[in-house]
Chemist: 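Okay, here's the structure, questions in a sec.
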Amino acid sequence: MAFARNQELAEPAASIEANGTPAPKVSDDAGRVTPMMEQYVEIKAGNPDCLLFYRMGDFYEMFFQDAEIASRALGIVLTKRGKHLGQDIPMCGVPVERADEYLHRLIALGHRVAVCEQMEDPAEAKKRGGKSVVKRDVIRLVTPGTLTEDTLLDAKRNNYLVAIVRARVSAPTDEGRFALAFLDISTGEFRLTECDRLGLAAELARLEPGEIIVSDALYGDADMAPMLRELPAVSPLTRDVFDGATAERRLAAYFAVATTDAFGTFSRLELTAAAACVTYVERTQIGKRPPLSPPVREAQGATLAIDAATRANLELMRTLAGERRGSLAAAIDRTVSAAGSRLLAQRLAAPLTDPVAIDARLDAVAALVGDWALCGDARKSLAAAPDLARALARLVVGRGGPRDLAAIRDGLAAAAALAARLDQLTPAPAEIAQAAAALRAPDPAIAAELAAALADDLPALRRDGGFVREGYDAALDETRALRDESRRVVAALQARYADETQVRALKIRHNNVLGYFVEVTAQHGDKLLKEPLNKTFIHRQTLAGQVRFTTTELADLEAKIANAADRALGLELALFERLAEQVITAAETIKGAAQALAAIDVTAGLAMLAAERDYVRPEIVAGLDFCIEGGRHPVVEQAIDGPFVANDCELSPPNSASAGRIYVVTGPNMAGKSTYLRQNALIAVLAQMGSFVPARRARIGVVDRLFSRVGAADDLARGRSTFMVEMVETAAILNQAGPRSLVILDEIGRGTATFDGLSIAWAAVEHLHETNRCRALFATHFHELTALAAKLERLHNATVRVREWQGDVVFLHEVVAGAADRSYGIQVAKLAGLPAAVIERAKLVLTELEAEDRTSPARKLIDDLPLFAAAPRPLATPPRDGAAEAVIAALAALHPDEMSPREALDALYALKLKAAKKIAP
Ligand code: ADP
Ligand code: MG
């Protein structure tokens, strides 16, 4: 191909375009369409929603609109290739060996790519006649949710494909139930869950899917469309993929079983979602079936419910700015393998709610904390273990290379070593014993065979050859000897020719065009072109400085060499297939071992973390306790230079109460309120995922739902710090939180005028206390709220201490009972560097304001408001009433001192009459 290409331009402003380019017409009136274009157009028509990577020699070429989209997205040169229907055909291409890199970028931009390969050697096509086109076929669709290549995947994250199915809506008010099936074809996990409309957003936030598939109908549904359009990589598919009637059959077929009964009983909705997933996998992998575990249903309520806003807010997986650095995940990840890191992320995304299950994980961590030598050895084995699950998945779909076989070899060796080491732990907690059993399960013969077969240095691709160890296969050794022998013969021949021609500098060389040839410098060329040497040396090529020849002997030798090399490669490829087949047969046990490696990595990593940062084992109980002594913020304590001040938190129900407590936390800006709130939420998350926690002691009654919101003014990073968002999110909490929930509200009501804000905050606290009855931490700058403690029995005031020292404020970060005496706003402003004149003036103004009104409006509210008219009874605002106002106006107009008793009596009757009008309808 003689096109100048891949001269990369500067990164263009890549615009994301809708995938899908209309297929051009096959022929015009003149009918002048090359056979190749005809083939192209036909294949493209079969994959209208994908960019088509059309293999031509060492390039994947794209044509027409695909070429325009790709050249813009990838910054590669758009060229032309011939004409189609009288028009230039736009074209661009990427070299095959760098295709992954370009695929990665296209996928990241939301494109889907169909990879079309040459299915035969071009020489075969030539044999059929000059005009024959090389057979080509699409061998795979590359979509964001169905990737297997390491280069396309983030090693530390799962890449989920999620199918969403909605149950038929029965009433207009019915928001619907949904089934979700999700799988990671690179690791084989496959799970199912059901949820309602609210839960759907939370589940998607937890899974962070790489791709979502839905039916066309759902995608077009007025209710669902706004949400679905906002999510990245949603692929609407035709109805048949989501057909409930054929779902079970399709699912069973994927797993090659007669019925899916053995997997458990699933609802029709779940089966439909699961079948959609596997059907999509088969379609994108063009019939190949990556090794999936049978689908497992996630038990309802088995995990701590955390909605999207809370996840973002607590910065579990990434910070509000979108980075992993600074997130809880990054702070606690001490795993040494990618699979371990993925499992840790999964556990962090879905903490448990069953105390028994949580304790089982904690037992395992405790065992490793208690056996430091074992923990260290385990981590050594783990660090040596490659990504078994992903290597296995590639081998099964036929995309594996020699290095994937080596990964299996090394992974299985590490698994066996780890199992042996874990056996020395007695008694072993159930989790560790189970993992050890899974590590031992793969047949040791497989690892042994791979160790014997694979060479030390491995090429990336099968077709490069040279990956089978010498001495493993006699036939291969023999063929290789022949090949290498021939090469020695070439060297000998060169020496002989040099001798015969008396040209010392004569060389035998090789290139792809001429094959082997004899080369001499121009000055010796003539000699070989003349008698008698021209009998032996046949002229091939004259270059500026050299002349090239061939000989019959050399041609024969060349054929022999090529044959031997081809045969050797053929033998190697056959051996590869045999080894891969052995691995695939044992896929189940290998997958189990891979999971066990990940589980031990997570456990050992958490043990390391606990030791390194001085975490303790939390006591997990069934009640509503939440008692943290000396708690710390797991991320902040690692980030700050100085010491972190530990703080207690006691939200357990006070004596005999049936609900937990609420803290109203006040204190100046920068005192540490937000930090304190979050650290307690994070401690709950850590405890329930089965980790030790940053505290001196912790007793936690399992939390079923966790909520966290930050007032609008604090929420700048989200880029939409509107009061509306804040209120919508607060509403979600007040509507959903229950007695087992833990709620964190940070400066709610900030985004509006003071009195509005205060009123909303006030009512929210009452509602939490009386109706939600949840455990909660409520940070606020409205000091008025502290007055509520007098009336609400489970409400406590806490404040973060500061000390004033020579007019400056010193933050002690210490949380104590009581209310902040004032907000120190001016002192904080001074710290921030406001000009001295402004600070002095502000102090004056403050003194004036304080002198004017020291009587707290809150005090009056407490005494006057009938409490909790709010809560279960909706507090209707009394309608403005003209009659009442008339009575009041009339009263105001009376002057009792100037009235006779008679006049007074008349006035009284008149007032009664006015009032009666008010009461009467
Ligand atoms: P507030 O919400 O009261 O304005 P923050 O919680 O944002 O205050 O805390 C402000 C800063 O104080 C944090 O960035 C952190 O560096 C520091 N800080 C907070 N709590 C502590 C603590 N317990 N120990 C040490 N430093 C702390
Ligand atoms: Mg704050």
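As the structure lists them, so they are numbered: ligands from 1, and atoms in each ligand from 1.
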Chemist: Test of understanding: with side chain to side chain donor-acceptor pair (under 3.5 Å), list the residues that count as partners of Thr319, not counting sequence neighbours.
Modeler: none
Chemist: Of all the heavy atoms in Gly667, does at least one lie under 4.0 Å from an atom in ligand 1?
Modeler: no
Chemist: As a test of understanding, state which of Pro618, Pro351, Pro694 forms a side-chain contact (heavy atoms from CB on, under 4.5 Å) with Leu686.
Modeler: Pro694
Chemist: Just by modelled atom types, is the Ala349 backbone N or O under 3.5 Å from a matching donor or acceptor in the Arg311 side chain?
Modeler: yes
Chemist: Run the numbers for me: atoms of ligand 1, each under 4.0 Å from some heavy atom of Gly672, listed by number.
Modeler: 1 (P), 3 (O), 5 (P), 6 (O), 8 (O), 9 (O), 19 (C), 20 (N)
Chemist: In terms of side-chain geometry, is the basic nitrogen of Glu208 or Arg318 positioned less than 4.0 Å from the acidic oxygen of its partner?
Modeler: yes
Chemist: Salt bridge check, Arg324 against Asp333: does any charged N sit closer than 4.0 Å to a carboxylate O?
Modeler: yes
Chemist: Run the salt-bridge test on Arg617 and Asp359 with the 4.0 Å N-O cut-off and return the result as yes or no.
Modeler: yes
Chemist: Are side-chain heavy atoms of Val765 and Leu792 found at a separation under 4.5 Å?
Modeler: yes
Chemist: Specify whether an N/O/S atom of Ser674 falls short of 2.8 Å from the Mg ion (ligand 2).
Modeler: yes
Chemist: With heavy atoms only and a cut-off of under 4.0 Å, state how Pro643 meets ligand 1: side chain, backbone, both or neither.
Modeler: backbone
Chemist: Is there side-chain contact between Leu606 and Arg361, with heavy atoms separated by less than 4.5 Å?
Modeler: no
Chemist: Please identify which atoms of ligand 1 are closer than 4.0 Å to at least one heavy atom of Ala671.
Modeler: 1 (P), 3 (O), 8 (O)
Chemist: Using non-hydrogen atoms of the residue, decide whether Ala639 is closer than 4.0 angstrom to ligand 1.
Modeler: no
Chemist: Do any N/O atoms on Lys673 end up under 3.5 angstrom from N/O atoms on ligand 1?
Modeler: yes
Chemist: Nearest heavy atom to atom 20 (N) of ligand 1 wins, so pick from Val800, Val815, Thr675.
Modeler: Thr675
Chemist: What do we get for Ile640 next to ligand 1 when only non-hydrogen atoms under 4.0 Å count, side chain, backbone, both or neither?
Modeler: side chain
Chemist: Against heavy atoms of Pro668, which atoms of ligand 1 measure under 4.0 Å?
Modeler: 3 (O)
Chemist: Just heavy atoms, cut-off under 4.0 Å: does Ala646 contact ligand 1 by side chain, backbone, both, or neither?
Modeler: neither
